[in-house]
2 protein chains.
Amino acid sequence: MSLKHALLGLLSDRRASGYDLLKTFETSLANVWPANQSQIYTELTKLAGSGLITVAAEGPRGRKEYEITDEGLAELRHWLTEVTPQRVIRSDVLLRVFFLGVLSPEQARAYLTDLVDMSQSGYEQLRQLHDSIDWDDGNLSVYGRIALEYGLRFNAMRREWAEWAAQQIK
Amino acid sequence: MSLKHALLGLLSDRRASGYDLLKTFETSLANVWPANQSQIYTELTKLAGSGLITVAAEGPRGRKEYEITDEGLAELRHWLTEVTPQRVIRSDVLLRVFFLGVLSPEQARAYLTDLVDMSQSGYEQLRQLHDSIDWDDGNLSVYGRIALEYGLRFNAMRREWAEWAAQQIK
DNA sequence: TCTCGACATGTCAACAGTGGAATGTAGGCT
DNA sequence: AGCCTACATTCCACTGTTGACATGTCGAGA
């Protein structure tokens with residue numbers, strides 16, 4: 001159900017078309033809640049059907065600009081404040097760790113050192129992104145920076161863990 | 001496709017029935033790859049159909065004990081060594097952060113301090129689990145401890161981040 | 001002996017997510 | 001004028017996930 005709220009969240013900032021939202025998902029939200037084209041258009045139609053958003057304007061090429069309604073904003077606020085977040089995150093990265101015993105110690109270590117690299121490059125990518133944005137002191141900047149900091153810390157943590165883990169294998 | 005590999009992984013350690021596997025998912029794998037009963041039974045039937053596992057024995061109450069085949073083991077090894085893990089993890093926790101601007105600063109801060117608590121209790125739960133297990137030096141112990149350590153570090157990281165983030169809000 | 005809880009499996013509808021195909025338009029460049 | 005790219009949407013088939021319902025058996029203890 002989170003795609004719905006991701007779209008409401010983006011539309012709470014500014015009105016946008018499906019195409020605009022698709023671009024936003026490809027860039028800024030790609031690391032948090034990826035979504036593809038078909039999913040976004042389908043969800044927008046559903047959201048408009050239930051009155052949480054409306055078509056505010058139509059443009060060239062059949063472009064439909066959606067705008068959040070009061071009802072949609074209420075739903076977004078409800079989700080933010082009342083709905084308890086999921087406690088579990090499915091992680092195929094970690095799932096593999098449980099079964100590394102079926103591999104040779106060398107192969108298992110290789111998996112973990114690959115994770116070190118993956119985390120390192122993830123970190124650097126986010127660092128670059130961080131430096132390329134000129135942060136003002138608006139809401140989007142404040143919360144965007146907070147989310148980005150999470151990504152940096154997460155990758156740093158995972159890197160250190162994977163380094164430690166590789167050493168644990170005799 | 002990871003449920004498939006989770007089941008293969010568990011069966012690579014020892015043969016088990018759907019019911020056994022269900023119990024394992026409820027306890028040890030619940031934090032990494034949750035799965036419910038219907039999903040597990042459906043997947044086992046599919047796996048048996050494609051020859052990756054076989055019914056090795058039948059017991060009382062229609063119990064079917066599954067065993068991994070050589071083909072299944074090969075598939076598991078392939079997944080562990082060749083298939084590159086997903087880079088993105090969907091996180092509704094983090095998604096909310098992007099949109100905290102629609103709330104008052106007090107409400108936004110409350111969300112973050114709730115995350116502090118959630119992370120803290122997650123940490124303590126894992127710490128208890130860690131202390132309640134008597135770790136030998138078998139494969140399952142080695143990799144189980146590594147996975148658990150990940151959970152501890154993750155929760156610690158998230159806690160510190162959420163504390164820092166709450167302070168960023170004016 | 002009876003009953004109840006744990007054991008054990010199967011099925012189905014609904015929703016969420018993936019990937020690809022199809023279709024067409026507006027505007028900028030040569 | 002013609003072409004190409006970016007803009008823009010819709011539909012479809014398939015896979016994965018959730019939750020509920022249905023069904024039945026074994027064994028321990030009252």
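Values reported hereafter were calculated over all heavy atoms of this structure, with side chains retained and with hydrogens, waters and symmetry mates removed. Letters go in sequence order (proteins before strands), and every chain restarts at 1. Quick caveat: nothing in here was measured; it's all calculated off a predicted structure.
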Going by atom type alone, with no hydrogens or angles, which donor-acceptor pairs under 3.5 Å involve a side-chain atom of residues 160-170 of chain B and a protein atom two or more places apart or on another chain?
residue: B:W161; atom: NE1; partner: A:I146; partner atom: O; Å: 3.0
residue: B:E163; atom: OE2; partner: B:R159; partner atom: NE; Å: 3.0
residue: B:E163; atom: OE2; partner: B:R159; partner atom: NH2; Å: 2.6

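- In summary, A:E124 and A:R127 do not engage in a salt bridge, as defined by a charged side-chain N under 4.0 Å from a carboxylate O.
- The stretch residues 13-20 of chain B comes close to DNA chain C through B:S17, B:G18, B:Y19, each having a heavy atom under 4.0 Å from the strand.
- Across the protein-nucleic acid pair, A:L47 atom CG and D:dT9 atom P stand 15 Å apart, rounded to whole Å.
- Heavy atoms of A:K46 sit under 4.0 angstrom from primed sugar atoms or phosphate atoms, though from no base atom.
- Checked against side chain to side chain contact (heavy atoms under 4.5 Å, CB included), A:D13 has the following partners two or more places apart in sequence or in another chain: A:L140.
- Every residue two or more places apart in sequence or in another chain was checked for a ring-ring contact (aromatic ring centres under 6.0 Å, His included) with A:H78, and none qualifies.
- The OH atom of A:Y66 sits 13 Å away from the P atom of D:dA8 (whole-angstrom rounding).
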With a cut-off of 3.5 Å and sequence neighbours excluded, list every side-chain donor-acceptor pair involving residues 50-59 of chain A.
residue: A:S50; atom: OG; partner: A:K46; partner atom: O; Å: 3.3
residue: A:S50; atom: OG; partner: A:L47; partner atom: O; Å: 3.2

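- For the pair B:D92 CG and C:dG17 C1', the interatomic distance rounds to 16 Å; values are reported in whole Å.
- Take the nearest nucleotide of DNA chain C for A:M1 and for B:T45: the residue whose nucleotide is more 5' is B:T45.
- Whole-Å rounding puts the B:L22 CG to C:dC7 P distance at 11 Å.
- Counting side-chain heavy-atom gaps under 4.5 Å among Ile, Leu, Val, Met, Phe, Trp and Tyr, the cluster of B:I133 also holds B:Y123, B:L126, B:L129, B:W135, B:L148, B:L152.
- A:E58 has its CD atom 15 Å from the C1' atom of D:dC7, to the nearest Å.
- Among residues at least two apart or in separate chains, there is no ring-ring contact (aromatic ring centres under 6.0 Å, His included) pair with a member in residues 17-71 of chain B.
- The nearest whole Å value for the distance from the CD atom in B:E43 to the C1' atom in D:dT15 is 10 Å.
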> Can you give one letter per nucleotide of nucleotides 18-29 of chain C, going 5' to 3': B for a protein heavy atom under 4.0 Å from the base, S for sugar-phosphate only, - for none?
Replying inline: BBBB---BB---
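- The shortest distance between the side-chain N/O atoms of A:Y41 and the OP1/OP2 oxygens of D:dT10 is not below 4.0 Å.
- Going from atom NZ of A:K64 over to atom P of D:dT9 covers 7 Å, rounded to whole Å.
- Side-chain atoms of B:E149 and B:H130 include no donor-acceptor pair closer than 3.5 Å.
- The distance between atom CG of A:L3 and atom P of C:dG17, rounded to the nearest whole Å, is 6 Å.
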Let me check something: any side-chain donor-acceptor pairs from residues 91-106 of chain A under 3.5 Å, sequence neighbours excluded? List them with distances.
residue: A:S91; atom: OG; partner: A:L94; partner atom: N; Å: 3.1
residue: A:D92; atom: OD2; partner: A:R96; partner atom: NH2; Å: 2.7
residue: A:D92; atom: OD2; partner: B:Q86; partner atom: N; Å: 3.3
residue: A:R96; atom: NE; partner: A:D92; partner atom: O; Å: 3.4
residue: A:R96; atom: NH1; partner: B:W79; partner atom: O; Å: 2.7
residue: A:R96; atom: NH1; partner: B:V83; partner atom: O; Å: 3.1
residue: A:S104; atom: OG; partner: A:Q107; partner atom: N; Å: 3.1
residue: A:S104; atom: OG; partner: A:Q107; partner atom: OE1; Å: 3.4

